[in-house]
A.B. asks: 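First the structure, which I've put down as structure tokens, then a few questions once you've had a look.
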Amino acid sequence: MNWIIEHKIPVGVWMEAIVNWLTLHAALFFDTISIAFDWTITSLVEGFEFLPPYVPITVTALMAWFIHRRLSLVVFVVAALLLILNLGYWNEMLQTFVLVMAATVTSVLIGVPIGILCAHKPWIYTLMRPALDLMQTIPTFVYLIPTLVLFGLGVVPGLISTIIFAIPAPIRLTYLGVKGVPNELIEAGKAFGASPFKLLYKVELPSAMPNIMAGISQCIMLSLSMVVVSALVGADGLGEPVVRALNTVNISQGFEAGLAIVLVAIILDRLCKSPTHQTGE
């Protein structure tokens, strides 16, 4: 046992060497990504902040009505957003919303095609499974260290960390959804002479859509949780007052910011659930 303890495998040293090599030889690449993401997020946030608060509130309420046709949900959405506005966290809420949506859209655009590919090529999923397990189980704070070194302080390392943390959800659930399509439907599509693309578009994706939507909903929740933690590396949003309250032991500020986060999470979760799932609760 002493021999094992005395001969430590330098896993951390290897990882540090990789990050240092990337910092030295790929600085231009990471700087380009950082500038592009930072400009996109800043522009979106400024666009939302330019609008009067009643415009996003009205649009969100109309979305809730057209998706679910439930007056109670519309009332809750309006009341929750007005409460956030009253508490003074409107701008922070908009920043958090933009970060969550940017991370979710990026994760879905990358994760869903990968999930489809894994369903059609099982050996790819076998190779990816350890990486997906690692991405879902590694502590969230660990993501912030290499991204902070590579992208610098600000919103970009938080966004990149959020994407890495959230992307396994759409990959796994898309894989499960497409893999679980009944063979009878596949054979029927082939019997009618459907091409592989039409088979995917007309048969597999509609059948797997509940799983894909569940993956998107889970991706949003994971993105929201990670965006809050990303305030530790300079990301704006509702995580910033939480970190400030933690540093100053400000109970009232911490509770108010936490309540705003909970309300945003509930609104996003309810809006992203399918109507059939909603009525079945």
A.B. asks: Looking at CE of M128 and OH of Y175, how far apart are the two atoms once the value is rounded to the nearest 0.5 Å?
C.D. replies: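 Atom-to-atom, M128:CE and Y175:OH are 11.5 Å apart.
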A.B. asks: Is there a path from W39 to V156 through hydrophobic residues (I, L, V, M, F, W, Y) whose side chains come within less than 4.5 Å of each other?
C.D. replies: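 Shared cluster, no.
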A.B. asks: Do the side chains of L44 and I35 join up, straight or via other hydrophobic residues, at under 4.5 Å, putting them in one cluster?
C.D. replies: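 No.
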A.B. asks: For the residue pair I41 and A102, what are the closest heavy atoms and their distance?
C.D. replies: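 Distance-wise, the nearest heavy atoms are CD1-CB, 3.6 Å.
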A.B. asks: Give a yes or no on this: more than 12 heavy atoms of other residues, nucleotides or ligands lie within 6.0 Å of atom CZ of F48.
C.D. replies: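 For F48, atom CZ is not crowded (no more than 12 foreign heavy atoms under 6.0 Å).
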A.B. asks: Check the hydrophobic clustering (I, L, V, M, F, W, Y; side-chain heavy atoms under 4.5 Å; chains of links allowed) and say if W21 and L24 are grouped together.
C.D. replies: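 In one cluster: no.
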A.B. asks: Quick one: salt bridge (charged side-chain N to carboxylate O under 4.0 Å, His left out) pairs with a partner in residues 151-172, sequence neighbours left out?
C.D. replies: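 Pairs touching residues 151-172 that pass the test: D133-R172.
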A.B. asks: Stepwise, does the side-chain contact (heavy atoms from CB on, under 4.5 Å) test hold for W90 with L81?
C.D. replies: CA-CA 8 Å; W90 182 257; L81 293 177; 4.2 Å; yes
A.B. asks: Quick check: do H120 and V178 have side-chain heavy atoms less than 4.5 Å from each other?
C.D. replies: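 A side-chain contact under 4.5 Å exists here.
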A.B. asks: Measuring only between side-chain heavy atoms, which start at C-beta, is L268 closer than 4.5 Å to M221?
C.D. replies: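 In contact.
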A.B. asks: With heavy-atom distances below 4.5 Å as the criterion, would you say the side chains of Q253 and Y89 are in contact?
C.D. replies: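 Q253 vs Y89: side chains touch.
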A.B. asks: Any non-hydrogen side-chain atom of T162 less than 4.5 Å from a side-chain atom of L99?
C.D. replies: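 The answer is no; the side chains never approach within 4.5 Å.
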A.B. asks: Check whether T147 reaches the backbone of I160 with its side chain - one donor and one acceptor, N or O, closer than 3.5 Å.
C.D. replies: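 Between the backbone of I160 and the side chain of T147 there is no qualifying donor-acceptor contact (under 3.5 Å).
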A.B. asks: Which value, rounded to the nearest 0.5 Å, describes the distance between I267 atom CD1 and M63 atom CE?
C.D. replies: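 These two atoms lie 11.0 Å from each other.
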A.B. asks: Given L159 and I163, is the side-chain contact (heavy atoms from CB on, under 4.5 Å) satisfied, shown in steps?
C.D. replies: CA-CA 6 Å; L159 180 61; I163 294 172; 4.2 Å; yes
A.B. asks: Are side-chain heavy atoms of E256 and P241 found at a separation under 4.5 Å?
C.D. replies: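 No, every pair of side-chain atoms sits at 4.5 Å or beyond.
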A.B. asks: Looking at CD of E240 and OG1 of T96, how far apart are the two atoms once the value is rounded to the nearest 0.5 Å?
C.D. replies: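 The OG1 atom of T96 is 9.5 Å from CD of E240, to the nearest 0.5 Å.
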A.B. asks: To the closest 0.5 Å, what do you measure between CG (L176) and CD1 (I171)?
C.D. replies: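 Rounded to the nearest 0.5 Å, the CG-CD1 separation comes out at 12.0 Å.
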A.B. asks: Counting only heavy atoms from other residues, nucleotides and ligands, does the tally under 6.0 Å from CD1 of I251 exceed 12?
C.D. replies: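 No, not enclosed.
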A.B. asks: Mark yes or no for whether Q95, through its side chain, and G237, through its backbone, hold a donor-acceptor pair below 3.5 Å.
C.D. replies: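 Flag set: sc Q95 to bb G237 pair under 3.5 Å.
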A.B. asks: Please report the closest heavy-atom contact between I33 and F151, naming both atoms and the distance.
C.D. replies: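 Reported closest heavy-atom pair: CG2-CE2, 3.9 Å.
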A.B. asks: Does any N or O in the side chain of N86 come within less than 3.5 Å of the main-chain N or O of L82, such that one atom is a donor and the other an acceptor?
C.D. replies: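 Answer holds: no.
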A.B. asks: May I ask you to test the L132-Y125 pair for a side-chain heavy-atom distance under 4.5 Å?
C.D. replies: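 Of all side-chain heavy-atom pairs linking Y125 with L132, at least one is under 4.5 Å.
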A.B. asks: Does I186 sit in a hydrophobic cluster with other residues, and if so which ones, taking ILVMFWY side chains as linked at heavy-atom separations under 4.5 Å, directly or through other members?
C.D. replies: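 Members alongside I186: V181, L185, L199, V203.
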A.B. asks: Apply side-chain contact (heavy atoms from CB on, under 4.5 Å) to the pair I216 and V112, showing each step before the final yes or no.
C.D. replies: CA-CA 9 Å; I216 294 175; V112 171; 5.5 Å; no
A.B. asks: Rounded to the nearest 0.5 Å, how far does CD of E49 lie from CG of N91?
C.D. replies: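 Result: 4.5 Å between the selected atoms.
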A.B. asks: If you round to the nearest 0.5 Å, how far is CD of Q218 from OG of S107?
C.D. replies: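 Separation between the atoms: 11.5 Å.
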A.B. asks: Would you name the heavy atoms of R244 and T248 that are closest together and state the gap between them?
C.D. replies: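 Looking at all heavy atoms of both residues, the shortest contact is O-OG1, 2.8 Å.
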A.B. asks: Under the side chain to side chain contact (heavy atoms under 4.5 Å, CB included) rule, collect the residues that match up with L109, sequence neighbours excluded.
C.D. replies: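 For L109, the residues satisfying side chain to side chain contact (heavy atoms under 4.5 Å, CB included) (neighbours in sequence not counted) are V105.
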A.B. asks: Look at the side-chain heavy atoms of Ile, Leu, Val, Met, Phe, Trp and Tyr, link any pair under 4.5 Å apart, and say whether L117 and F197 land in one connected group.
C.D. replies: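 The answer is no; the residues belong to distinct hydrophobic clusters.
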A.B. asks: Let me see the working for L263 and M93 under side-chain contact (heavy atoms from CB on, under 4.5 Å), right down to the final yes or no.
C.D. replies: CA-CA 10 Å; L263 293 175; M93 184 274 294; over 6 Å; no
A.B. asks: Report yes if the side chains of S217 and D269 come closer than 4.5 Å at any heavy-atom pair, otherwise no.
C.D. replies: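 Yes, their side chains come closer than 4.5 Å.
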A.B. asks: Quick one: does S34's side chain have a donor or acceptor within less than 3.5 Å of a partner on F30's backbone?
C.D. replies: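 Not confirmed, S34 side chain does not pair with F30 backbone.
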A.B. asks: Ignoring hydrogens and angles, tell me if any N or O in the side chain of T106 forms a donor-acceptor pair with the backbone of A103 under 3.5 Å.
C.D. replies: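 A pair under 3.5 Å: no.
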A.B. asks: Would you find a donor on one side and an acceptor on the other, under 3.5 Å apart, between the side chain of S223 and the backbone of C219?
C.D. replies: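 The answer is yes, because a donor-acceptor pair under 3.5 Å joins these two groups.
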A.B. asks: If Ile, Leu, Val, Met, Phe, Trp and Tyr residues are connected whenever their side-chain heavy atoms lie under 4.5 Å apart, and connections chain through other members, are L83 and V78 in the same group?
C.D. replies: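 Yes; V78 is reachable from L83 via cluster members.
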A.B. asks: Show the nearest heavy-atom pair for residues P56 and L51, with the distance to one decimal.
C.D. replies: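 In this case the closest contact between P56 and L51 is CD-CB, 4.4 Å.
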A.B. asks: Can you name the nearest heavy-atom pair linking M226 to F165, along with the distance?
C.D. replies: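 Reported closest heavy-atom pair: CB-CD2, 3.8 Å.
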A.B. asks: Is any side-chain heavy atom of L271 closer than 4.5 Å to a side-chain heavy atom of T60?
C.D. replies: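 Answer yes - side chains close enough.
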A.B. asks: For a quick test of reading the model, state the closest non-hydrogen atom pair linking A231 to V243 and the distance between them.
C.D. replies: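 Looks like CB-CG2, 3.9 Å.
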